[in-house]
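The structure under discussion appears below in the form of structure tokens.
The sequence lines fix the lettering, A, B, ..., with proteins before strands; numbering per chain opens at 1.
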2 protein chains.
Amino acid sequence: MAKRTGEKYDAIINAAVRVIAQYGYHQAQVSKIAREANVADGTIYLYFENKDDVLVSLFNEKMGAFISDVEKALSNVPSPVNQLRELIRLHFEYLQADAQLAIVTQIELRQSKPAVRKEIGLILKRYLGVIDRVIQDGIKDGLFREDIDVRTARRMIFGTMDETVTSWIMKDCKYSLTDQVEPMLDLFLNGLSK
Amino acid sequence: MAKRTGEKYDAIINAAVRVIAQYGYHQAQVSKIAREANVADGTIYLYFENKDDVLVSLFNEKMGAFISDVEKALSNVPSPVNQLRELIRLHFEYLQADAQLAIVTQIELRQSKPAVRKEIGLILKRYLGVIDRVIQDGIKDGLFREDIDVRTARRMIFGTMDETVTSWIMKDCKYSLTDQVEPMLDLFLNGLSK
DNA sequence: AGGTATTGAATGAATGGTCATTCATTTTTG
DNA sequence: CAAAAATGAATGACCATTCATTCAATACCT
């Protein structure tokens with residue numbers, strides 16, 4: 001039965017991030033991940049059910065930690081406007097700090113099988129909930145318009161950040177993501193119109 | 001040498017859309033696509049280089065037609081505000097009218113190999129150019145703020161539409177996409193702030 | 001202490017299933 | 001009756017997964 005914990009568990013997950021980031025999803029064979037983790041092919045099956053389980057666990061460990069960080073950080077920020085700023089900032093800072101992880105979660109894991117993507121979607125729901133709460137607080141506090149639809153606004157915030165990170169990666173991460181925080185926040189708050 | 005035209009060429013592309021939409025990218029074998037097109041497996045290789053070429057051609061034919069429609073439609077619309085409305089409307093209308101195509105371009109083809117995704121990216125560039133032009137016109141006409149960054153705004157517009165279509169598909173297309181046009185346009189133009 | 005049994009972690013070569021692609025043959029067309 | 005188009009069975013490459021075996025550590029005995 002898969003162990004799901006321990007030193008080698010972490011080693012395999014981190015090896016998977018490096019291998020997938022370097023070779024891409026389709027060239028990340030189990031044997032390559034095993035070699036990178038300094039472990040035999042068969043050992044992976046002592047810690048994980050199968051290859052898909054490695055991918056889901058990877059996303060769960062890394063994204064789970066990120067969401068917890070965001071939740072904790074936002075709880076110390078009073079104004080919803082600053083919460084939104086902090087959310088965007090953390091989103092960009094986290095991925096900018098670990099470009100390999102960014103490539104894996106943003107590009108490569110999206111090529112996985114439906115079953116894997118479904119699990120990933122469930123984990124992401126928690127993050128979407130965090131965004132929703134910021135918007136709702138903003139409306140309650142009278143800072144945001146009460147006639148906006150929370151889901152529409154959430155899709156705008158998440159969709160824009162997601163697209164921004166993806167194109168940053170596609171352009172080889174060669175500009176600063178965090179420089180985008182203020183212009184993006186300004187667009188979200190004030191819109192295109194004069 | 002691949003023919004890239006003719007009755008069977010279209011039949012194969014349309015069969016690919018149906019098979020991929022129904023079975024998913026990973027269960028869309030060449031033999032299944034051939035059967036759906038009423039053609040032998042080998043015939044596919046008379047019209048296409050290989051399986052990847054089928055996928056790229058599919059995107060090129062379908063998305064190319066869509067972009068041309070959008071370009072033509074916008075050229076008859078005077079105000080950039082109305083151009084933006086029309087762009088969002090066409091984007092949603094086109095995908096709502098053909099849910100199978102929406103599933104394939106929005107979800108399934110994103111699981112393809114890097115080489116295929118790269119081609120898809122090139123085709124999409126033309127569409128992003130259309131969005132950029134609407135924003136630039138809006139600034140020139142004094143309707144949009146001149147201090148916004150065109151690329152940031154473009155990523156907001158494309159990212160938000162993309163995320164909206166994806167979650168519409170994930171929720172089994174069971175609400176109206178086109179109902180989202182006005183609330184989304186309003187958010188783009190006026191933002192979240194009161 | 002010295003020796004021996006027991007456990008379970010780790011190994012990596014072998015297996016088996018899956019498909020894209022090919023090409024010798026057949027069918028259709030002009 | 002050529003020439004072109006279409007066929008579909010056979011091929012071979014690829015890779016996740018398995019499992020018989022090795023190895024190391026710990027417990028148990030005299």
#### Entry: Value in whole Å for how far the P atom of C:dC19 lies from OH of B:Tyr25
12 Å

### Message
In the structure I gave you, are the side-chain heavy atoms of A:Ser57 and A:Ile13 within less than 4.5 Å of one another anywhere?
### Response
yes

### Message
Is a donor from one side chain sitting under 3.5 angstrom from an acceptor on the other, for B:Gln106 and B:Thr166?
### Response
yes

### Message
Whether A:Lys32 engages the ring of A:Tyr23 as a cation-pi pair (distance to the six-membered ring centre under 6.0 angstrom, angle to the ring normal within 45°) should be assessed.
### Response
yes

### Task
Could you pull out the closest heavy-atom pair between B:Met161 and B:Ile131, with the gap in Å?
CE-CD1, 4.4 Å

### Message
In whole Å, I'd like the distance from the CG atom of B:Leu46 to the P atom of C:dT28.
### Response
16 Å

### Query
A:Tyr47 side chain: which of D:dG8, D:dA5, C:dA10 is closest?
C:dA10

#### Entry: Spacing of B:Arg35 atom CZ relative to C:dC19 atom P, expressed in whole Å
12 Å

### Task
Run the salt-bridge test on B:Lys113 and B:Glu119 with the 4.0 Å N-O cut-off and return the result as yes or no.
no

### Query
Are the side chains of B:Gln22 and B:Gln27 in touch, meaning some heavy atoms are under 4.5 Å apart?
no

### Message
What is the distance, to the nearest angstrom, from the CD atom on B:Glu7 to the P atom on D:dA5?
### Response
14 Å

### Query
Could you give the angle between the helix axes at the two ends of the helix from C:dA1-D:dT30 to C:dG30-D:dC1, with five pairs per end, rounded to 10 degrees?
10°

### Query
Do NZ/NE/NH1/NH2 and the carboxylate oxygens of A:Arg154 and B:Glu163 come within less than 4.0 Å?
no

### Task
Sugar-phosphate means primed atoms, P, OP1 and OP2; the rest is base. With that split, encode nucleotides 13-21 of chain D 5' to 3' as B, S or - using protein heavy atoms under 4.0 Å.
--SSBB---

#### Entry: Separation between CE of B:Met184 and CD1 of B:Ile157, rounded to the nearest 0.5 Å
10.5 Å

### Summary
In whole angstroms, the gap separating P of C:dC19 from CD1 of B:Ile44 amounts to 15 Å

#### Entry: Nucleotide nearest B:Lys8 when distance is taken to its side chain, options C:dA10, D:dA6, D:dT7
D:dA6

